[in-house]
Amino acid sequence: MFEHFATNPVDYFVMQSEHENRPTRVLQIIRAAHLGMCFGVRDAIALARGQEGAPPLTILGDLVHNETVLADLRARGIRIENRVEDVTTPAVMITAHGASDKTKQALKERGLHVLEATCPLVHHAHRAVKTLVRENFHPIIIGQRDHVEVRGLTQDLTEFDVILSEEDALQLAERPRFGVAAQTTQPIDRVRHLVGVMRRRFPRSEIRFLDTVCQPTKQRQAAAIEVAQRADVVIVIGGAHSNNTRELAATCRRFCPRVHHVADARDLRAEWLVGVETVGLTAGTSTPDNVIDDVELRLRILAGEMPISSQ
């Protein structure tokens with residue numbers, strides 16, 4: 001049977017042997033202090049769900065990079081299209097990742113009612129980039145070139161560079177003034193490192209850095225490091241295409257050799273818990289609370305199915 005000792009933030013689950021009155025298995029599960037959905041994602045989902053019963057709605061692109069959330073929206077009759085020309089409903093929603101002014105204008109020219117679900121912190125990044133351009137800095141975006149947020153940040157620009165590695169930074173052409181901003185979900189340590197690389201590479205250039213990495217990302221990265229340093233195994237929960245979830249997993253791997261990125265509880269494997277006493281949990285900013293809860297519950301069940309070795 002199971003005895004449940006509820007403590008906060010760590011739960012201990014002890015499987016009692018049927019033949020002796022002592023615990024044979026103890027699994028400690030540590031949740032990161034900051035994990036799961038941020039306010040920007042919650043607000044975007046609430047806005048989309050609030051359109052139920054209104055004129056038909058299309059979301060331009062994935063509202064968030066989480067298939068559980070997207071499946072729920074589709075079940076509510078909300079369409080998802082990736083191209084402006086494929087929108088056939090009277091209303092269209094910009095995702096939490098934002099969009100360029102050019103894209104928004106194209107939607108309005110088609111006579112569509114445009115709903116903004118853009119995260120306020122992505123809006124801040126757009127304003128930062130516009131400020132750098134207005135003040136005659138050549139814009140550098142630290143992020144993934146093909147990510148929807150980065151496309152939104154750059155589509156209105158005539159000249160720009162996108163970098164993600166030291167090699168990218170070292171290949172930049174010299175310019176008198178560089179203005180640096182970042183995709184909001186990039187690890188701040190990477191961003192600061194690349195700014196430092198640029199400053200060493202171009203000592204005669206003026207380099208202005210505007211920190212556009214969002215606070216929820218910074219909090220989740222710091223909390224993930226703390227968990228990874230304490231755990232035998234870390235489970236990172238989030239969509240396969242979620243950049244911030246992948247970055248959480250990469251950060252955890254720097255401090256824990258056994259890290260697994262799962263979309264939901266169905267991806268968990270019992271063999272991951274062999275010889276494990278402590279499991280760390282963290283989750284990306286588009287991961288619903290119930291998905292995190294399901295993963296934790298499944299971990300408890302898997303641990304209970306594994307008897308302790310006699311060794």
Side-chain angles (χ1 to χ4, degrees), residues 2-15 25-42 44-45 62-73 75 96 185 216-217 219-307:
F2 292 96
E3 289 183 5
H4 178 187
F5 300 85
T7 59
N8 192 9
V10 179
D11 285 349
Y12 295 86
F13 288 85
V14 181
M15 187 178 78
R25 171 78 170 168
V26 179
L27 181 67
Q28 183 180 9
I29 300 177
I30 309 171
R31 283 200 186 201
H34 299 277
L35 80 170
M37 279 194 178
C38 61
F39 74 90
V41 169
R42 291 187 191 276
I45 294 170
D62 293 346
L63 185 66
V64 293
H65 288 147
N66 186 283
E67 188 51 44
T68 301
V69 174
L70 298 180
D72 173 74
L73 294 174
T185 55
T217 291
Q219 291 173 333
R220 281 153 183 73
Q221 284 279 330
I225 290 171
E226 181 181 359
V227 164
Q229 290 173 328
R230 298 170 58 193
D232 301 315
V233 172
V234 177
I235 306 298
V236 184
I237 313 163
H241 302 296
S242 166
N243 179 71
N244 77 86
T245 304
R246 290 196 300 261
E247 294 292 357
L248 280 175
T251 294
C252 289
R253 289 187 184 103
R254 290 163 46 200
F255 301 93
C256 179
R258 299 171 65 182
V259 177
H260 304 282
H261 178 177
V262 302
D264 55 40
R266 293 171 297 182
D267 293 336
L268 294 170
R269 298 291 179 266
E271 57 264 29
W272 296 347
L273 301 182
V274 173
V276 169
E277 296 181 355
T278 304
V279 176
L281 285 185
T282 186
T285 54
S286 58
T287 306
D289 294 343
N290 67 297
V291 173
I292 300 172
D293 292 340
D294 288 347
V295 167
E296 183 170 354
L297 177 60
R298 180 63 179 162
L299 283 170
R300 298 168 187 165
I301 293 170
L302 291 175
E305 293 171 351
M306 293 169 51

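FYI, the numbering just counts along the sequence from 1. Basis for what follows: all heavy atoms, side chains included, without hydrogens, waters or symmetry-related copies.
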Take R220 and L248 through the test side chain to side chain contact (heavy atoms under 4.5 Å, CB included) and record every step on the way to the result. CA-CA 8 Å; R220 281 153 183 73; L248 280 175; 4.1 Å; yes

Derivation of the side chain to side chain contact (heavy atoms under 4.5 Å, CB included) call for T185 and E247: CA-CA 8 Å; T185 55; E247 294 292 357; 6.0 Å; no

Between R253 and V236, does the side chain to side chain contact (heavy atoms under 4.5 Å, CB included) criterion hold? Intermediate values first, please. CA-CA 11 Å; R253 289 187 184 103; V236 184; over 6 Å; no

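In this structure, the side chains of L299 and L281 come closer than 4.5 Å at one or more pairs of heavy atoms. Taking the side chain as every heavy atom from C-beta outward, I292 and R31 approach each other to under 4.5 Å. Within the 4.5 Å cutoff, the side chain of V227 has no heavy atoms near those of the T282 side chain. Between M37 and I45, some side-chain heavy-atom pair lies under the 4.5 Å cut-off. For the pair D294 and R298, the minimum side-chain heavy-atom distance is 4.5 Å or more.
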For a quick test of your reading: what N or O donor-acceptor pairs under 3.5 Å do the side chains of residues 258-266 make, sequence neighbours left out?
{"from": "R258", "atom 1": "NH2", "to": "W272", "atom 2": "O", "distance (Å)": "2.8"}
{"from": "H261", "atom 1": "NE2", "to": "G238", "atom 2": "O", "distance (Å)": "2.9"}
{"from": "H261", "atom 1": "NE2", "to": "G239", "atom 2": "O", "distance (Å)": "3.4"}
{"from": "D264", "atom 1": "OD1", "to": "R266", "atom 2": "N", "distance (Å)": "3.0"}
{"from": "D264", "atom 1": "OD1", "to": "R266", "atom 2": "NE", "distance (Å)": "3.3"}
{"from": "D264", "atom 1": "OD2", "to": "R266", "atom 2": "NE", "distance (Å)": "3.3"}
{"from": "D264", "atom 1": "OD2", "to": "R266", "atom 2": "NH2", "distance (Å)": "2.6"}

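In terms of the side chain to side chain donor-acceptor pair (under 3.5 Å) criterion, residue partners of T251 (sequence neighbours excluded) are, by chain and number, Q221. E67 is linked by a side chain to side chain donor-acceptor pair (under 3.5 Å) to R74, counting only residues two or more places apart in sequence or in another chain. Every side-chain contact (heavy atoms from CB on, under 4.5 Å) that A228 has, sequence neighbours left out, goes to V234, C252, F255, C256. Evaluation of the side chain to side chain donor-acceptor pair (under 3.5 Å) rule for D267 yields no partner, not counting sequence neighbours. For D232, there are no side chain to side chain donor-acceptor pair (under 3.5 Å) partners, not counting sequence neighbours.
Contact record, S286 with V64: CB-CB, 3.8 Å, taken as the closest heavy-atom pair. Residues P288 and V69 approach most closely at CG-CG2, 3.6 Å, considering heavy atoms. Minimum heavy-atom separation, A283 to L35: N-CB, 3.7 Å.
Distance check, rounded to the nearest 0.5 Å: CG of L70 to CG of L63 gives 7.0 Å. I237 contributes atom CD1, which lies 8.5 Å from atom CD of E296 (distance to the nearest 0.5 angstrom). Taken from CG in L273 to CG in L302, the straight-line distance is 6.0 Å, to the nearest 0.5 Å. Taken to the nearest 0.5 Å, the CZ atom of R269 stands 11.0 Å off from the CD1 atom of I235. Atom CG in L297 sits 12.0 Å away from atom CG in N290 (nearest 0.5 Å). Once rounded to the nearest 0.5 Å, the distance linking OG1 of T217 with CG of N243 reads 8.5 Å.
With hydrogens and angles ignored, the 3.5 Å screen pairs no side-chain donor or acceptor of H241 with any backbone N or O of H65.
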